[in-house]
2 protein chains.
Amino acid sequence: MDPDGPARQVPAPTGGAQRGGSGIPGGRRKQRVSMADVARLAGVSSQTVSRVANGHPGVVGATREQVLAAMRELGYRPNSAARALRYGQFNTIGVILFGLASTGNSRTVEAIATHAAAEGYAITLIPIGIPTQDNVLGAFTRMGELAVDAVIVIIEIHLLDAGTVTLPPGVHVVVVDSDAGDRYSVVDTDQAEGARLAVRHLLDLGHETVWHVTGPKTSFAGQRRAQAWRLALEEAGRPVPPPLHGDWSAESGYAAGLALAGEPGCTAVFASNDQMALGLLRAFHERGRAVPADISVVGFDDIPDASCFVPPLTTVHQDFAEVGRRCVQGVLRQIREGGASRPGTELVPTRLVVRESTAPPPTRP
Amino acid sequence: MDPDGPARQVPAPTGGAQRGGSGIPGGRRKQRVSMADVARLAGVSSQTVSRVANGHPGVVGATREQVLAAMRELGYRPNSAARALRYGQFNTIGVILFGLASTGNSRTVEAIATHAAAEGYAITLIPIGIPTQDNVLGAFTRMGELAVDAVIVIIEIHLLDAGTVTLPPGVHVVVVDSDAGDRYSVVDTDQAEGARLAVRHLLDLGHETVWHVTGPKTSFAGQRRAQAWRLALEEAGRPVPPPLHGDWSAESGYAAGLALAGEPGCTAVFASNDQMALGLLRAFHERGRAVPADISVVGFDDIPDASCFVPPLTTVHQDFAEVGRRCVQGVLRQIREGGASRPGTELVPTRLVVRESTAPPPTRP
DNA sequence: CACGAGCATGTTTACGTGAACATCGCGAGC
DNA sequence: GCTCGCGATGTTCACGTAAACATGCTCGTG
C-alpha cells in the first residue's frame with residue numbers, strides 16, 4: 001500500500017534554490033519551500049519571514065524587501081496544512097450533495113462557493129453517488145476527517161433519518177431543502193409559497209382546478225410543493241385531481257403529459273419543476289392540445305431556458321443564489337459564534353414569473 | 001480581528017469526556033479531541049492510538065478494543081491538517097472554474113468529484129466570478145496557498161495567456177477546454193469532430209449549406225466548433241454563410257433565430273449549444289417556420305432536456321463524465337509519477353444523436 | 001552623557017500526527 | 001535456568017507555522 005517508506009523523507013539539503021526557476025519541478029518528493037528556506041536565503045529568522053508573509057507590522061522596509069525577494073526566488077508558498085494545524089481551522093466549508101446535475105444544486109453550489117470565497121473560505125465538495133443511507137453516512141464520516149470547519153448538506157436529509165445517523169458532534173452544519181429544521185439549521189426555498197402562487201395564479205385565471213406533476217417521492221422539496229398544491233386547492237374548495245408522479249426529468253414530464261392530454265377536464269397543470277413542464281409542453285404539442293389556449297402549464301424553478309420554451313413558461317422563480325448566500329452566512333455564524341447548529345428553518349421567498357404558458361381556460365361548450 | 005488572543009489556548013484539562021455525548025459542543029474553541037486525549041483515556045500511548053487509527057498491525061486485540069472504545073467515547077476524528085503536514089500531501093484536488101451554471105461545467109465537475117472521491121481525493125472548488133485576468137491570477141495564487149495537491153482548470157485558458165501568468169511551479173495542472181495543449185496537459189471534448197458530424201449530417205440530408213450560431217467569442221470550445229463548421233463547409237465546397245453570434249443563452253439563440261427566420265435561403269442551422277438551439281426552435285415556431293419541415297436545427301451538448309424540445313433535438317453528444325474522469329486520471333498520474341504537467345491534448349470523442357429536428361430541406365419550388 | 005523607551009529582529013515552543021528507534025515482557029531453545 | 005528473539009507498546013522527534021517571550025539596538029530626553 002505504501003511501498004516507499006524510507007525513501008520519502010529525503011530532506012533535500014541541496015539548498016532549494018533550484019526550484020525557483022521555471023524548470024521542471026525537481027521530480028522528487030514534496031519538500032516545498034518552507035519559511036526556513038526563505039529565511040536562510042534572506043539571512044533572517046523564519047519568524048521575520050512569517051511576519052512579512054502575514055503582513056504584520058514591525059519589519060523594516062529593507063528587510064521586508066529582502067524577504068520578499070527571497071520568497072520570489074524560491075517560489076515560496078505558505079503551507080496551509082501547517083497553518084491549519086497552527087490555527088486549528090481550515091477556512092474551508094464542506095458541501096455534501098447528491099448530484100450537481102439537478103437544476104438548482106449547481107446554482108446553489110455556485111452561490112455557496114462564491115460567497116464563501118468572498119469570506120476567504122474555500123469549498124470542498126463531497127458528492128454522493130447513490131443516496132444510500134450507508135453512502136451518506138460514509139460521506140459524513142469522511143467529511144469529519146476532512147479539512148473542513150463546517151458542512152453544508154444539500155441532500156434530501158430524510159434519507160438520513162433512520163436511527164443511528166448522527167452528524168459528527170461539534171461540526172457546524174447547515175442543511176438545504178429539508179424537513180430537519182427541528183434538529184438542524186435549515187435554509188430552504190419557500191416551496192409552499194411558490195406552489196401556492198402557482199395554483200392561485202391558475203385558479204384566478206378561471207380554471208376549475210389544477211392538476212399536478214410531482215417530483216420524485218424522495219424529494220422533500222417535491223413533497224412540500226405537492227402538499228401546498230393540495231392545500232391551495234382544498235382551501236379554494238376545488239376538487240383535487242390525482243397527482244401524476246414524475247422524477248424531475250423532462251421525459252417523465254412528457255409521460256405525464258401524454259396521460260394528461262387524454263383527460264378532457266384538464267385545463268391547467270402545475271409541474272413541480274421546469275424540466276417536467278418542458279415535457280408537458282412537448283406532449284401537449286404532439287397531442288394537439290394548444291398551450292395556453294386549451295391547457296395552461298406552470299413550472300417551478302425558473303431555469304434560464306424557461307423563457308424560450310414554446311410557449312415561454314410561466315413558472316415560480318427560485319432564488320438559488322440567495323439560498324447559497326444564506327447557507328454560507330449560517331455556517332459562518334456558527335463558526336464565529338462557536339455555537340452549535342441552532343435548529344430552525346430559514347425560508348427564501350419565491351415569486352411567480354408569468355409568461356405565455358398560462359391563460360384562462362377554454363370556454364366550455 | 002482576533003480579540004481573544006490569550007483565551008484561545010485553554011487546554012481543556014477537564015478530561016474531555018464531556019464532548020462525547022450528544023450535548024452542545026462545549027462552546028469554546030476548537031480543541032478537538034486529539035490522539036493524546038484518546039490515549040489518556042485508553043491508558044495507552046498516543047502512538048498506539050495512531051496505530052489503531054491507521055489499521056497498522058502490532059496492536060493486540062484487547063488494547064485495540066480499548067482504544068476504539070475511547071475513540072468512540074470521545075468522538076475522536078483524526079486531524080487532517082496534522083496528517084497533511086506529516087505526509088506532505090492533502091489528498092485534495094483543486095478545481096478552478098468560471099461558472100457552474102454553464103451546461104457542461106457542472107456535469108464535468110460532478111464527474112471529477114465522483115472519480116476523485118473514488119480515489120480517496122476530495123475536491124476543492126474555486127469559482128471565479130468574472131474571468132478577469134486579475135481574478136484568474138488571484139485564484140491561482142489563492143489556490144497555491146490552498147491545501148491541494150493538484151489543480152484542474154475549467155476556464156477558457158486563453159484568458160490567462162497574456163504574459164506574466166505562470167501557474168505556481170510544481171503544481172500539477174490539467175486544463176479542460178483549452179488551446180494550451182502546448183504548455184499544459186489538456187483534456188477536451190473533440191469539438192471539431194462534433195461540429196463536423198453536425199454539418200455532415202445536415203449536408204447529407206441534402207441541405208445546400210448550414211448556418212451557424214456561435215458561442216461567445218471568449219469561448220475556446222465555441223471557437224473550435226465554429227472553425228470546424230467553416231472547414232466542413234469549405235471541404236464540401238459549399239458557401240459559408242455569415243455566422244450569427246450568440247452567448248450560449250437560449251435568449252441569444254432566440255435573437256439569432258428571429259434573424260435567420262428572415263433568411264429565405266436558410267434551411268439548416270447548427271447551434272453551438274442546445275440552449276441556443278432551443279431559442280432557435282422558439283423563434284422559428286413563432287415565425288411559422290416549421291422544424292424540421294422548413295428548416296433543420298442541430299445543437300451541441302445533448303443536455304437531458306434536448307429529447308423533449310419541440311421537436312426533440314438532433315444534437316452532438318458530449319461525454320462530460322468521461323472528460324471529468326480523464327482529468328482526474330491526469331492529475332493523479334502527475335501526482336503519483338511526481339512529474340510535471342506533460343503538455344498534450346487528450347480528446348474525448350463525440351457522437352451525433354439524431355432526433356426529430358432535422359430532415360431533408362423543403363423541395364424548392 | 002546616561003538611561004530607558006520603543007522598535008526591529010531572534011529564540012522558543014506548541015499545534016497533532018506518525019515514522020524511527022527504544023524498551024519491556026514473555027516464551028522458546030539450549 | 002538463562003538468554004535470545006520477537007512482538008507489543010512507549011518515547012522522541014520533525015513536519016511548517018506563528019504566538020509569546022527574549023534580545024539588542026537606536027534615539028530621545030533629563
Side-chain angles (χ1 to χ4, degrees), chain A residues 2 4-13 16 29-40 42-67 71 74 76-91 145 147, chain B residues 1-2 4-12 16 29-40 42-67 71 74 76-91 145 147:
Chain A
D2 193 354
D4 53 357
R8 161 176 292 160
Q9 298 287 13
V10 276
R29 278 286 162 183
K30 324 266 74 171
Q31 79 245 22
R32 276 188 21 188
V33 192
S34 78
M35 282 196 165
D37 299 324
V38 175
R40 199 153 34 241
V44 299
S45 80
S46 64
Q47 179 59 193
T48 302
V49 178
S50 166
R51 280 191 268 256
V52 172
N54 296 42
H56 283 298
V59 180
V60 84
T63 314
R64 157 171 278 110
E65 280 314 315
Q66 240 172 355
V67 171
M71 282 181 174
L74 298 178
Y76 168 77
R77 286 174 295 132
N79 179 319
S80 42
R83 219 170 234 192
L85 178 60
R86 193 71 179 66
Y87 283 136
Q89 61 168 21
F90 303 93
N91 276 23
E145 299 172 4
Chain B
M1 197 119 278
D2 192 353
D4 53 355
R8 159 175 297 160
Q9 299 290 13
V10 277
R29 275 285 161 185
K30 329 260 72 170
Q31 78 242 26
R32 273 190 22 188
V33 192
S34 80
M35 283 196 165
D37 300 323
V38 175
R40 199 153 33 239
V44 299
S45 80
S46 65
Q47 181 60 93
T48 302
V49 177
S50 167
R51 279 191 268 257
V52 172
N54 295 43
H56 284 296
V59 180
V60 84
T63 314
R64 158 171 278 111
E65 281 314 316
Q66 239 173 355
V67 171
M71 281 182 173
L74 297 178
Y76 169 76
R77 286 173 295 132
N79 179 320
S80 43
R83 225 171 227 190
L85 177 59
R86 192 71 181 66
Y87 284 134
Q89 62 168 23
F90 303 93
N91 276 23
E145 301 172 4

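To find a chain, count down the sequence lines: A is the first, B the second, and so on, and within it residues start at 1.
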Please list, chain by chain and in numerical order, all residues satisfying side-chain hydrogen bond (donor to acceptor under 3.5 Å, both in side chains) with B:Q47, sequence neighbours excluded. B:S50

Whole-Å distance, B:R40 CZ to C:dG16 P, equals 10 Å

Output a table of donor-acceptor pairs, distance under 3.5 Å, between side-chain atoms of residues 55-64 of chain B and any protein atom two or more places apart or on a different chain; print 'none' if there are none.
from	atom 1	to	atom 2	distance (Å)
B:R64	NH1	B:V59	O	3.1
B:R64	NH2	B:H56	O	3.4

Expressed as a whole number of angstroms, how long is the span from A:N79:CG to D:dG16:C1'? 6 Å

A:Q89 CD to C:dG16 P, in whole Å, measures 14 Å

All side chain to side chain contact (heavy atoms under 4.5 Å, CB included) counterparts of A:A81, not counting sequence neighbours: A:N79, B:A84, B:L85, B:F90

Under-4.0 Å side-chain N/O to phosphate OP1/OP2 contact, A:N54 with D:dT17: no

Heavy atom of residues 55-63 of chain B under 4.0 Å from DNA chain D: which residues? B:G58, B:V59, B:V60, B:T63

Rounded to whole angstroms, how far apart are CZ on B:R86 and P on C:dA19? 6 Å

Could you check how far CG of A:L85 sits from P of D:dA14, rounded to whole Å? 16 Å

For B:S46, enumerate each residue passing the side-chain hydrogen bond (donor to acceptor under 3.5 Å, both in side chains) test, keeping only those at least two apart in sequence or located in another chain. none

Report the distance from atom OH of B:Y76 to atom C1' of C:dG18, rounded to the nearest whole Å. 10 Å

Rounded to the Å, how far apart are A:F90 CZ and D:dT17 C1'? 14 Å

Five-pair end axes of the helix from C:dC1-D:dG30 to C:dC30-D:dG1, angle between them (10°): 60°

What are the atom names and distances for every N/O pair under 3.5 Å that joins the protein to nucleotides 10-12 of chain D?
from	atom 1	to	atom 2	distance (Å)
D:dG10	OP1	B:S45	N	3.4
D:dG10	OP2	B:S45	N	2.7
D:dG10	OP2	B:S45	OG	3.0
D:dG10	OP2	B:T48	OG1	2.7
D:dG10	N7	B:R51	NH2	3.0

